[in-house]
Amino acid sequence: MVDACPEAGAVLEVLVQRSVRAWRMGVVPVALEASGAGAGLAAALGLPEAWWQLSMVQAEAELDRSNFDAAAHLAEAIADHPWTADRPDLQAQACLVASRAHRLADDRADALVLAQRALAVIGERPAEDPVQAAALVCVLAALPTPDERLVAQLEAGLERSTDPAVRGPVAWTLGNLAFERGQVQRALALHEEAERSLRPRVSLRQWARFARSAADERLKAGRVEEVEPLLIRARIGLEALGSHHELASLAVTEASYFTVHGCVGAIIGRQVASTSGTSSRSRSSSTVVPCTSRTTTPRSSIRKTASLV
């Protein structure tokens with residue numbers, strides 16, 4: 001159909017490139033505008049692959065803007081589309097975005113349903129498969145307590161995988177869980193692996209969110225001297241992304257760190273800078289996990305342990 005509309009096809013190609021590049025660089029407003037326009041054009045031209053790609057960028061960008069309801073609605077629509085329904089990997093990826101959106105909106109029930117749907121759609125696969133690993137992490141993130149069978153699968157996947165895109169988020173997730181269980185040395189080793197695998201040039205989001213999560217876990221483990229560099233990294237990355245929810249979450253960790261050092265002025269400054277202009281939902285949420293841990297929760301909870309982007 002593009003052959004019959006060469007000019008429209010050329011415009012679509014520009015929109016695809018612009019939206020993907022903007023999203024990867026953290027220029028979320030541009031990504032939202034280009035992906036929305038491109039998805040509509042792709043649908044009109046009868047190009048479902050381009051429609052799927054652009055719609056997914058749009059849903060991810062809505063997440064970055066803390067528009068959780070919009071992100072969940074769009075991602076579920078993608079997953080339920082007849083064209084996507086016949087393509088398990090694409091349906092599962094849409095389900096995982098929707099799961100993350102529901103979890104960040106404190107809707108754990110729907111988050112779990114969608115993460116489990118992703119696992120069911122792709123069927124039995126090795127744990128080192130990227131979509132399988134992402135689904136396992138999202139299920140763990142939505143559960144009130146860890147499922148040891150799923151944890152064992154992730155551990156096996158980490159042992160076998162050589163893909164940094166899998167190893168980074170899985171090591172992050174397992175490291176957070178080890179911190180929650182008081183296994184500090186194991187947690188540090190896993191976080192070191194995550195640090196090696198998560199690179200800002202590949203995913204600024206995961207790099208920054210991991211730094212925030214690692215800082216929080218070290219604070220709770222009493223390793224205060226390791227926290228400041230992680231907080232600096234997290235603020236650089238999250239300010240570039242401009243997510244009100246992420247910045248509010250970071251402010252909670254910064255406040256805990258500054259309290260240890262008695263820096264009351266710094267606490268006030270960070271809180272004002274991070275919460276101004278946020279929605280009431282963003283202010284009421286206080287977590288980052290990798291699927292990402294987003295709120296401060298009791299150590300007995302798994303809620304902060306998992307989030308693959």
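Values in this document were obtained by computation on a predicted structure and should not be read as measured data. By convention here, the first residue in the shown sequence is residue 1. Keep in mind that the numbers below use all heavy atoms, side chains included, and drop hydrogens, waters and symmetry copies.
Using modelled atom types and a 3.5 Å distance limit, the side chains of His191 and Glu226 yield no donor-acceptor pair. Side-chain contact check for Ser243 and Arg65: no donor-acceptor pair (N or O, by modelled atom type) lies under 3.5 Å.
In the hydrophobic cluster analysis, where Ile, Leu, Val, Met, Phe, Trp and Tyr join through side-chain heavy atoms closer than 4.5 angstrom, Val227 is grouped together with Leu250. Linking Ile, Leu, Val, Met, Phe, Trp and Tyr whenever their side-chain heavy atoms come within less than 4.5 Å puts Phe258 and Leu238 in one cluster.
The hydrophobic cluster containing Val30, built from Ile/Leu/Val/Met/Phe/Trp/Tyr side-chain heavy atoms closer than 4.5 Å, also comprises Met25, Val27. Counting side-chain heavy-atom gaps under 4.5 Å among Ile, Leu, Val, Met, Phe, Trp and Tyr, the cluster of Leu32 also holds Val28.
With sequence neighbours left out, Glu33 forms a side-chain contact (heavy atoms from CB on, under 4.5 Å) with no residue at all. Under the rule for a side-chain contact (heavy atoms from CB on, under 4.5 Å), Val14 has no partner lying at least two apart in sequence or in another chain. A search for salt bridge (Lys or Arg N to Asp or Glu O under 4.0 Å) contacts involving Glu192 returns nothing, not counting sequence neighbours. Legend: residues meeting salt bridge (Lys or Arg N to Asp or Glu O under 4.0 Å) with Asp107, ordered by chain and number and at least two apart, are absent. Among residues two or more places apart in sequence or in another chain, the side-chain contact (heavy atoms from CB on, under 4.5 Å) test is passed with Ser197 by Pro164, Arg167, Glu193. Evaluation of the side-chain contact (heavy atoms from CB on, under 4.5 Å) rule for Ile78 yields Trp51, Trp52, Ser55, Met56, Leu74, Thr84, Ala94 as partners, not counting sequence neighbours.
The salt bridge (charged side-chain N to carboxylate O under 4.0 Å, His left out) analysis of residues 13-25, with sequence neighbours excluded, yields no pairs. Listed by first and then second residue, the salt bridge (charged side-chain N to carboxylate O under 4.0 Å, His left out) pairs that reach into residues 140-151 are Glu148-Arg181, sequence neighbours excluded. Applying the salt bridge (charged side-chain N to carboxylate O under 4.0 Å, His left out) rule to pairs touching residues 120-139 yields Asp89-Arg125, Arg125-Asp129, Glu128-Arg160, sequence neighbours excluded.
One finds the CH2 atom of Trp207 at 11.5 Å from the CZ atom of Arg201 (value rounded to the nearest 0.5 Å).
Side chain of Ser99 to backbone of Cys95: no donor-acceptor contact under 3.5 angstrom is found. No donor-acceptor distance shorter than 3.5 angstrom exists from the side chain of Thr173 to the backbone of Val137, with no hydrogens or angles considered. Under a 3.5 Å cut-off, the side chain of Arg100 and the backbone N or O of Leu96 do not form any donor-acceptor pair. Counting only distance, with no hydrogens or angles, the side chain of Ser213 and the backbone of Arg209 share no donor-acceptor pair below 3.5 Å. Remark: side-chain polar atoms of Arg199 are paired, donor with acceptor, to backbone N or O of Glu195 under 3.5 angstrom.
For the pair Glu217 and Arg223, the salt-bridge criterion is not met [side-chain N within less than 4.0 Å of a carboxylate O]. Electrostatic pairing of Arg235 and Glu228 does not count as a salt bridge here, judged by no charged N lying under 4.0 Å from a carboxylate O.
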Is there a side chain to side chain contact (heavy atoms under 4.5 Å, CB included) between Leu140 and Leu154? Walk through the geometry before answering.
CA-CA 10 Å; Leu140 277 174; Leu154 279 180; 3.4 Å; yes

Determine all donor-acceptor pairs shorter than 3.5 Å in which one atom belongs to a side chain in residues 109-120; sequence neighbours excluded.
| unit_1 | atom_1 | unit_2 | atom_2 | d |
| --- | --- | --- | --- | --- |
| Arg117 | NE | Gln91 | OE1 | 3.3 |
| Arg117 | NH1 | Asp80 | OD1 | 3.1 |
| Arg117 | NH2 | Ala79 | O | 3.4 |
| Arg117 | NH2 | Asp80 | OD1 | 3.0 |
| Arg117 | NH2 | Gln91 | OE1 | 2.9 |

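Across all non-hydrogen atoms, the minimal contact from Ala34 to Ser19 is CB-CB, 3.7 Å.
If you run side-chain hydrogen bond (donor to acceptor under 3.5 Å, both in side chains) between Asn67 and each of Glu62, His73, His245, only Glu62 comes through.
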